[in-house]
Amino acid sequence: MNQLQSLRGMVDILPTQSQQWHAVELAMREQFYRAGFQEIRTPLLEVTDLFLRSIGEATDVVGKEMYTFSDRGNRSCTLRPEGTASVVRAVLEHGLLNQGQQRLWYSGPMFRYERPQSGRQRQFHQIGVECLGMDSPLSDVEVISVAWDLLKSLGLKDLVLELNTLGTQEDRLTYRKQLIEWLQDRFELLDSDSKKRVEINPLRILDSKDPNTQALLLDAPTLGNFLCNESSERFTAVQLALKALEIPFKINPRLVRGLDYYCHTAFEITSSQLGSQATVCGGGRYDGLVRELGGTSTSGIGWAIGMERLMMLLGDSMSGGSSPDVYLVNRGDEAEKKALVLARRLRGERLAVQLDSSGGSFGKQFKRADRCGASWAIVIGDNEARSGQLRLKSLHRDRDSSNANEFIVPDSDWDILLTYLRS
RNA sequence: GCGGGCGUCGCCAAGUGGUUAAGGCAGCGGCUUGUGGCGCCGCCAUUCGGGGGUUCGAAUCCCCUCGCUCGCCCCA
């Protein structure tokens, strides 16, 4: 077929689904408002360097997944692959930290050039929060609880909170050294993917899917043993606070966030119902990022929820089309004009009004009125136009009963008309 | 980037070498140009993702290509 279609991995959200998106977004705004977060909106396009410096050049996101191109001024630009870097950039650019801590939320499309599959698209949507200038372990837990409660409030079940600590930069460096040594001693026993990673990204070998490698790793040194006092105390504090909030969690020592800027608390909320892309929410602490991007050392923590994955979990539990209150059946030149005017007036009264503008017999127009689920039909034909009357007909109730479902109202009697339509 | 599955009307589909490519839903028109939901009738793929080949003959076989989908890697 020569038919034009959307780019691979770019998905349309059709009217039947947009309803559910609105419902979810509304629920989220409400939660953010109550938790004291404010919205920030940043551009979709940023200077490539922002992501190189924040996410890390060795990561897959930067290495092979960015939509990068040169603009007409020959600047290297990138469609944002995630939200945190942009938010931090904006906060620094506008000096928001001079006004104290920041509790921000954002939402919008992100872009990653990957092979699409279930729960993964090239343009996808995230909604997330970023807190800057808050370094108590309690703030980790508060932020996690906002995500947890949010997902719970949408009626999701079977969620698992997975938790880990990545320690400080120094913790990881010493651990990394030890791990590389340990791996090099067993180099020949590793799978081919892991062999390539020994020097580049040894921590990720811990997450290898190869069963032999996994078996081997049972005896490998673990990051837990390399944590400094501050790191392990913090981790304990986080766990205690989660228990106090009665949020269940599972420690997953293999949970290593893919982006360089994470440290200390790392977490994911997963669902067994999502197939192989099980993470619906992921986040963690990133105390080094602000300085990395040129600000004064400031702690940060945040998370992001993948909207498409969330929608998959919700099924169609929150969908449901909207139908108009009134369908305006009209026929005849004079009647059409009156109907057009009436439609506007009723809309001014906050009623949802659909005007039949395709003409045809009354029978045809009623068919359409019925199909769109309107509660009321208002009929204006030649007779009504002449006599200054409106004919109302209830389309839902009283269909089979003997109750009257048709009423005649003078078009000058606005109050009676509205009373009917709102009943 | 690498594997597996699949591609027949807007949607769900039958059809696996032989004259006009079933059927259902949706849509449109009519019975009914002053009244909907039911019913009945009619219309709705010169064409089977695209290109090439084999054959007297292909949606059906072969090759190439494009797309979708699931998985790997990685992430939300």
Side-chain angles (χ1 to χ4, degrees), chain A residues 1-9 11 14 16 55 58-65 81-84 107-128 147 151 191-194 196-197 201 204-205 207-210 255-259 262 267-271 274-284 302-313 327 329-332 335 356 358-374 376-385 391-396 399-400 405-406:
Chain A
M1 226 194 292
N2 215 4
Q3 177 73 51
L4 255 31
Q5 48 187 155
S6 70
L7 253 17
R8 160 173 289 196
V11 177
L14 300 174
T16 46
I55 299 173
T59 61
D60 280 9
V61 169
V62 168
K64 54 182 203 189
E65 294 171 3
E82 56 103 40
T84 305
S107 75
M110 306 292 165
F111 302 83
R112 256 118 101 158
Y113 195 93
E114 299 182 90
R115 196 79 179 266
Q117 69 188 71
S118 180
R120 169 187 296 159
Q121 297 163 197
R122 288 185 172 178
Q123 176 177 335
F124 61 104
H125 297 78
Q126 288 187 334
I127 190 156
L151 295 172
D191 61 278
S192 56
D193 273 344
S194 295
K196 284 182 224 150
R197 289 195 173 130
N201 205 335
R204 218 171 312 137
I205 297 178
D207 220 3
S208 168
K209 297 290 187 294
D210 184 88
L255 176 59
V256 184
R257 312 259 66 223
L259 314 183
Y262 285 112
F267 68 94
E268 287 186 0
I269 299 176
T270 61
S271 167
L274 275 177
S276 75
Q277 312 300 325
T279 305
V280 64
C281 174
W303 50 252
I305 285 174
M307 287 294 281
E308 282 80 1
R309 291 182 188 176
L310 177 55
M311 294 301 163
M312 287 168 75
L313 287 176
Y327 193 95
V329 173
N330 63 92
R331 193 167 168 76
D356 192 299
S358 44
S361 68
F362 283 91
K364 226 168 279 173
Q365 294 194 43
F366 267 94
K367 237 172 222 172
R368 282 192 281 260
D370 193 56
R371 212 178 314 127
C372 76
W376 288 90
I378 298 182
V379 185
I380 310 179
D382 292 334
N383 300 340
E384 288 76 12
R391 198 173 281 268
L392 312 201
K393 185 168 180 179
S394 164
L395 294 175
H396 283 165
R399 199 178 274 170
D400 302 308
N405 68 344
E406 212 171 324

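- Spacing between atom CD of Glu406(A) and atom C1' of G34(B) amounts to 10 Å, rounded to whole angstrom units.
- Below the 3.5 angstrom threshold, one finds no donor paired with an acceptor across the side chain of Glu65(A) and the base of G1(B).
- Among residues two or more places apart in sequence or in another chain, the side-chain contact (heavy atoms from CB on, under 4.5 Å) test is passed with Leu14(A) by Asp12(A), Thr16(A), Gln17(A).
- Set against C74(B), G34(B), U33(B), the side chain of Val379(A) has G34(B) as its closest nucleotide.
- Backbone-only contact: Ala304(A) has heavy atoms under 4.0 Å from sugar-phosphate atoms and none from a base.
- In terms of phosphate contacts, Arg371(A) brings a side-chain nitrogen or oxygen within less than 4.0 Å of OP1 or OP2 of C28(B).
- Rounded to an integer number of Å, the gap from CZ of Arg391(A) to P of G34(B) is 12 Å.
- Using a 4.0 Å heavy-atom distance criterion, Gly282(A) is classed as a sugar-phosphate-only contact.
- At a threshold of 4.0 angstrom between heavy atoms, the contacts of Gly119(A) include nucleobase atoms, whether or not backbone atoms are also involved.
- Close to C68(B), at under 4.0 Å from its OP1 or OP2, lies a side-chain N or O of Arg8(A).
- A donor N or O paired with an acceptor N or O is found under 3.5 Å between the base of G34(B) and the side-chain atoms of Asn383(A).
- Taking atom NZ of Lys364(A) as the reference point, atom P of G34(B) lies 12 Å away to the nearest angstrom.
- Rounded to an integer number of Å, the gap from CG of Leu14(A) to C1' of C11(B) is 13 Å.
- We find that CG of Leu255(A) is positioned 10 Å from P of A76(B), with the value rounded to whole Å.
- Both stacking criteria are satisfied for Phe366(A) over the base of U35(B): a centre-to-centre distance under 5.5 angstrom and an angle between ring planes under 30 degrees.
- Of the candidates C73(B), G67(B), C28(B), G67(B) carries the atom nearest the Gln5(A) side chain, counting heavy atoms from C-beta on.
- If you take atom P in U69(B) and the same atom in G57(B), they sit 37 Å apart, rounded to whole Å.
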Can you name the atoms? Protein N/O to nucleotides 39-42 of chain B N/O, anything below 3.5 Å, with the distance.
none

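- Under 4.0 angstrom from either OP1 or OP2 of G71(B) there lies at least one side-chain N or O belonging to Gln117(A).
- Dashed line: the shortest gap from a side-chain N or O of Thr279(A) to OP1 or OP2 of A76(B) is not under 4.0 Å.
- Within the nucleic acid shown, Glu308(A) has no heavy atom closer than 4.0 Å to any nucleic acid atom.
- OP1 or OP2 of G71(B) has not a single side-chain nitrogen or oxygen of Arg120(A) nearer than 4.0 Å.
- Residue Ser276(A) places at least one side-chain N or O closer than 4.0 Å to OP1 or OP2 of C72(B).
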